[in-house]
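The structure under discussion appears below in the form of structure tokens.
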Amino acid sequence: MEHLLKLSDLTKEELLSILETGHDLKKKLKSGIETPYLKGKTLGMIFQKASTRTRVSFEVGMNQLGGHPLYLSASDLQMGRGESIEDTAQVLSRYLDAIMIRTFDQADVETLAEYGTVPIINGLTDLYHPCQILADLMTIQEVKGSLEGLKFAFVGDGNNMANSLIVGSLLVGASIAVASPKGYRPNDDLLERYIDHPGFLLTEDPYEAVKDADVVFTDVWASMGDEAEAEIRKKVFQNIYQVNHDLLAVADSQVMVQHCLPAHKEEEISTEVFEQHAAYIFEEAENRLHVQKAVLVHLMGVPAYVS
Ligand code: CP
Ligand code: NVA
């Protein structure tokens, strides 16, 4: 594995191996075992959007691995004044050992990888959020034991989370049902690729999607970049696309709820459900740290983890 641009670039074995490394690094951290595998390495982190979890977990993770994280706000880089991604990639590759980027256009992440010579990690684009889905799958393994054969449901906007969740779920052998309103469905190319997959269901009805689900996911109705549409979206989504007590009544009795955060309580998730499932939602946030450390050691070829 050369980069982490999107989950569809990974094989099932690669994905499961990252999760295994994540569990191992988590165990080592909790036992006080040091893991200075990236001593002397620097990770550049370009942010064109806000972040709490992604920034802090990559920064802390890189420190725990003995390396150095470098926060680069896109607006402070010459990129913000029009320097091309192509040139930025070639220059930064000469200083850094890996680059994480959070931006709008997936094409910018792909261009960074094409022109750079170091591993590139997608820290969220409008299209995908691979690191988040890796953390979610790791959390589900902890709670449910395995992923194969589980029934996942996503309720809400067919955004970056929904897109990466479709790819990740089907890759690990879980089924995924997505309930989104017309006009807010997941990415068209993905739908074309997966619409006939026996493990995939697309519906407008959250109750159909959540029926018997083992894990229910949701995310904000208006993502970063969609702020101008927030009021229109609220009208489309409200009263229907909310994970609440009534909706979860049709799920499996042991249903687990995941939310990538930040959450808008009483919009996509009721406060009651959020609070009932908060322990695993915050574990999911913690697992960003462990699984991203796994991504870093895999991409940077740490022999203990990469065969
Ligand atoms: N879930 C997630 O990516 O959070 P941040 O936007 O805070 O990084
Ligand atoms: N879909 C959300 C996820 C935030 C982590 C967004 O893109 O804003």
Side-chain angles (χ1 to χ4, degrees), residues 4-7 22 43-62 69 71-74 99-109 121-140 154-168 178-181 183-187 190 215-230 233-234 236-237 241-243 257-265 267-269 274 277-278 280-293 295-296:
L4 178 61
L5 310 180
K6 50 189 184 295
L7 293 181
L43 171 74
M45 311 188 301
I46 303 175
F47 282 92
Q48 218 155 8
K49 291 177 174 173
S51 170
T52 296
R53 283 143 286 269
T54 305
R55 177 182 175 177
V56 178
S57 56
F58 267 110
E59 197 157 329
V60 169
M62 199 59 192
Y71 175 78
L72 302 164
S73 162
I99 301 172
M100 190 242 66
I101 178 166
R102 165 169 286 198
T103 189
F104 294 87
D105 193 348
Q106 177 73 17
D108 287 348
V109 180
I121 301 168
N122 179 349
L124 180 146
T125 61
D126 291 347
L127 190 58
Y128 292 123
H129 198 0
C131 293
Q132 182 67 53
I133 298 305
L134 290 175
D136 297 7
L137 294 175
M138 181 177 164
T139 314
I140 296 163
F154 178 92
V155 176
D157 185 27
N159 59 15
N160 40 17
M161 275 297 297
N163 291 332
S164 284
L165 182 62
I166 293 170
V167 178
V178 175
S180 301
Y184 298 90
R185 288 177 170 167
N187 173 260
L190 274 186
V215 189
V216 174
F217 300 75
T218 187
D219 188 15
V220 290
W221 293 338
S223 285
M224 291 181 276
D226 297 332
E227 289 82 1
E229 292 176 19
R233 284 169 173 261
K234 202 177 255 185
V236 175
F237 286 86
Y241 296 93
Q242 184 188 74
V243 176
V257 173
Q258 294 279 268
H259 193 308
C260 62
L261 304 176
H264 289 182
K265 292 169 205 169
E267 290 191 5
E268 77 277 1
I269 189 163
F274 186 91
H277 294 265
Y280 291 147
I281 292 174
F282 290 118
E283 200 65 28
E284 174 189 11
E286 177 181 326
N287 285 337
R288 293 290 303 277
L289 170 69
H290 309 298
V291 93
Q292 287 161 194
K293 284 166 69 182
V295 168
L296 290 168

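These figures come from a predicted structure and were not determined experimentally. As the structure lists them, so they are numbered: ligands from 1, and atoms in each ligand from 1.
Nearest protein heavy-atom contact of atom 6 (O) of ligand 1 is Arg102 NH1, 2.8 Å. Nearest protein heavy-atom contact of atom 3 (C) of ligand 2 is Asp219 OD2, 3.6 Å. Looking at atom 2 (C) of ligand 1, its nearest protein heavy atom turns out to be Arg288 NH1, 3.2 Å. Looking at atom 7 (O) of ligand 2, its nearest protein heavy atom turns out to be Asn160 ND2, 2.9 Å. From the protein, the heavy atom lying nearest to atom 5 (C) of ligand 2 is Leu261 O, 3.6 Å. The protein heavy-atom contact nearest to atom 4 (C) of ligand 2 is Leu124 CD1, 3.9 Å. In terms of protein heavy atoms, atom 4 (O) of ligand 1 is closest to Arg53 NE, 2.8 Å. Nearest protein heavy-atom neighbour of atom 7 (O) of ligand 1: Thr52 N, 2.6 Å. The protein atom (non-hydrogen) at minimum distance from atom 8 (O) of ligand 2 is Met224 N, 2.8 Å.
The main-chain N or O of Val155 is found under 3.5 Å from a side-chain atom of Thr218 such that the two form a donor-acceptor pair.
Only the side chain of Gln132 comes within 4.0 Å of ligand 1, judged by heavy-atom distances.
Those atoms of ligand 2 that come under 4.0 Å of a heavy atom in Ser223, given as number and element, are 1 (N), 2 (C), 6 (C), 7 (O), 8 (O).
The side-chain hydrogen bond (donor to acceptor under 3.5 Å, both in side chains) test with His290 singles out one residue from Gln292, Glu286, Arg288, Lys293, and that residue is Glu286. The only member of Glu268, His277, Glu284 that meets side-chain hydrogen bond (donor to acceptor under 3.5 Å, both in side chains) when paired with His259 is Glu268.
Heavy-atom distances between Leu261 and ligand 1 reach below 4.0 Å in at least one pair. Under a 4.0 angstrom heavy-atom cut-off, His129 registers as being in contact with ligand 1.
By the 30° and 60° cut-offs, the orientation of the rings of Phe237 relative to Trp221 is parallel.
With a 6.0 Å radius and a threshold of 12 heavy atoms from other residues, nucleotides or ligands, Tyr280 has its OH atom at or below the threshold.
Stacking of Lys6 on the aromatic ring of Tyr128 is not recorded, the 6.0 Å distance cut-off and the 45° axial limit not both being met.
Between the side chains of Gln106 and Asn122, at least one donor N or O lies within less than 3.5 Å of an accepting N or O.
In this structure, the ring of Tyr241 has its center no less than 6.0 angstrom from the ring center of Tyr184.
Geometrically, ligand 1 and Cys260 share a nitrogen or oxygen pair separated by less than 3.5 Å.
Side chains of Thr103 and Ile46 form no contact here, defined as non-hydrogen atoms less than 4.5 Å apart.
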